[in-house]
Amino acid sequence: MSALPIAFPAVETTEVELTVNDRCYQLTLQPRTHLADALRDHCGLTATHVGCEQGVCGACTIEVDGAPQRSCLQSAKRFEGRQIRTLEAFDDDPLMAQLRAAFSAEHALQCGYCTPGMLMTARDIVLRLPDADEVRVCEELAGNLCRCTGYFGIVRAILRVLRERDSTVSSQEITHAA
């Protein structure tokens, strides 16, 4: 018995130019390649995690033009001309350093799979909602799933950073008033 020849269709590709963490990437991708896969598999930026691939879990959260966004929902091609930042872009960011320290101090880390997306979301919360209370922080985190921590440590970490930043602003206001 002879095997039948298998004919595979040609794989369609497209050229994609992405600006990620202030670096330009020239990529050849299949049109259906999601941004998360392009970042991980073609740019080597593995802090962007892929969880549900449906935009529900938040593990793939990145920053696009200054706002958090899921990277698993749309093709990479749609992000040409946009400013993309992944967790790797925040190595020297003072706020991200403060958040990482608070996550550690408040035991907001366990397996770590959700952590990059949580940190990206947490940074947005702190910058956008400096007066957020526990209820608001929980509401803002609703789009990020964590199966390990129960969220208590994550919420405490974000509230800790909000308090620290508030006390820094308050002490600066007192110094300037004197």
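Residues L39 and M96 do not share a hydrophobic cluster, clusters being chains of Ile/Leu/Val/Met/Phe/Trp/Tyr side chains in contact below 4.5 Å. Linking ILVMFWY side-chain heavy atoms closer than 4.5 Å, directly or via other members, places L127 and V64 in two distinct hydrophobic clusters. Both V137 and L145 are members of a single hydrophobic cluster when ILVMFWY side chains are connected at heavy-atom separations under 4.5 Å. Using a 4.5 Å cut-off between side-chain heavy atoms of Ile, Leu, Val, Met, Phe, Trp and Tyr, with links allowed through other members, L87 and F103 fall into the same hydrophobic cluster. Put simply, F152 and L109 are part of two different groups of oily side chains (I, L, V, M, F, W, Y) that touch within less than 4.5 Å, one to the next.
Taking 4.5 Å as the limit, every side-chain heavy atom of D131 sits out of range of all side-chain heavy atoms of R136. Put simply, the side chain of L95 reaches to within 4.5 Å of the side chain of Q98, judged on heavy atoms. The shortest distance between side-chain heavy atoms of C43 and L27 falls below 4.5 Å. Contact annotation: the side chain of D41 never approaches that of T33 to less than 4.5 Å [non-hydrogen atoms, C-beta and beyond]. Side-chain contact check for T121 versus D124: every heavy-atom pair is 4.5 Å or farther apart. With contacts defined as side-chain heavy-atom distances shorter than 4.5 Å, the pair V20/I62 does not qualify. In this structure, H42 and Y25 have side chains that are not in contact, with every pair of non-hydrogen atoms separated by 4.5 Å or more. In this structure, R165 and P130 have side chains that are not in contact, with every pair of non-hydrogen atoms separated by 4.5 Å or more.
Note that CD1 of I154 is 11.5 Å distant from CD of E106, once rounded to the nearest 0.5 Å. Here the OG1 atom belonging to T14 is positioned 11.0 Å from the CD atom belonging to Q30, to the nearest 0.5 angstrom. If you take CG on L18 and CD on Q83, they are separated by 11.0 Å, rounding to the nearest 0.5 Å. Separating the OG atom in S75 from the NE2 atom in H34 is a distance of 7.5 Å, to the nearest 0.5 Å. Rounded to the nearest 0.5 angstrom, E140 CD and R128 CZ are separated by 4.0 Å. M118 CE to Y151 OH: the interatomic distance, rounded to the nearest 0.5 Å, is 5.0 Å.
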For a side-chain hydrogen bond (donor to acceptor under 3.5 Å, both in side chains) check, start with the C-alpha distance between T28 and E15, then their side-chain angles and the critical distance, and finish with the verdict. CA-CA 5 Å; T28 302; E15 299 301 313; 3.0 Å; yes
Could you please spell out the steps behind the side-chain contact (heavy atoms from CB on, under 4.5 Å) verdict for M120 and F90? CA-CA 9 Å; M120 296 298 284; F90 296 95; 3.6 Å; yes
key: L35 vs Q74, side-chain contact (heavy atoms from CB on, under 4.5 Å): CA-CA, chis, key distance, verdict   = CA-CA 6 Å; L35 180 59; Q74 299 179 52; over 6 Å; no
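A pairwise comparison of heavy atoms in R160 and A102 identifies CD-CB, 3.9 Å as the closest pair. Between N21 and L45, the closest heavy-atom pair is ND2-CD1, 3.9 Å. Contact between A157 and A108 at its shortest, heavy atoms only, is CB-CB, 4.4 Å. Contact between T46 and E88 at its shortest, heavy atoms only, is N-OE2, 3.2 Å. Nearest heavy-atom pair, T48 versus S71, reported as atom, atom and distance to 0.1 Å: CG2-OG, 3.4 Å. H49 approaches P116 most closely through the heavy-atom pair CE1-CG, 3.8 Å.
Taking a 6.0 Å sphere around CZ of R23, one finds it holds 12 or fewer heavy atoms contributed by other residues, nucleotides or ligands. For R32, the CZ atom is loosely surrounded, since the number of other residues' heavy atoms within 6.0 Å does not exceed 12. At most 12 non-hydrogen atoms from other residues, nucleotides or ligands lie less than 6.0 angstrom from CD of E134. The 12-atom threshold is not exceeded at CG of D92, counting heavy atoms of other residues, nucleotides or ligands nearer than 6.0 Å.
In this structure, R70 contributes its side chain and T61 its backbone to no donor-acceptor pair below 3.5 Å. Judged by distance alone, the side chain of N144 and the main-chain N or O of G117 form a donor-acceptor pair under 3.5 Å.
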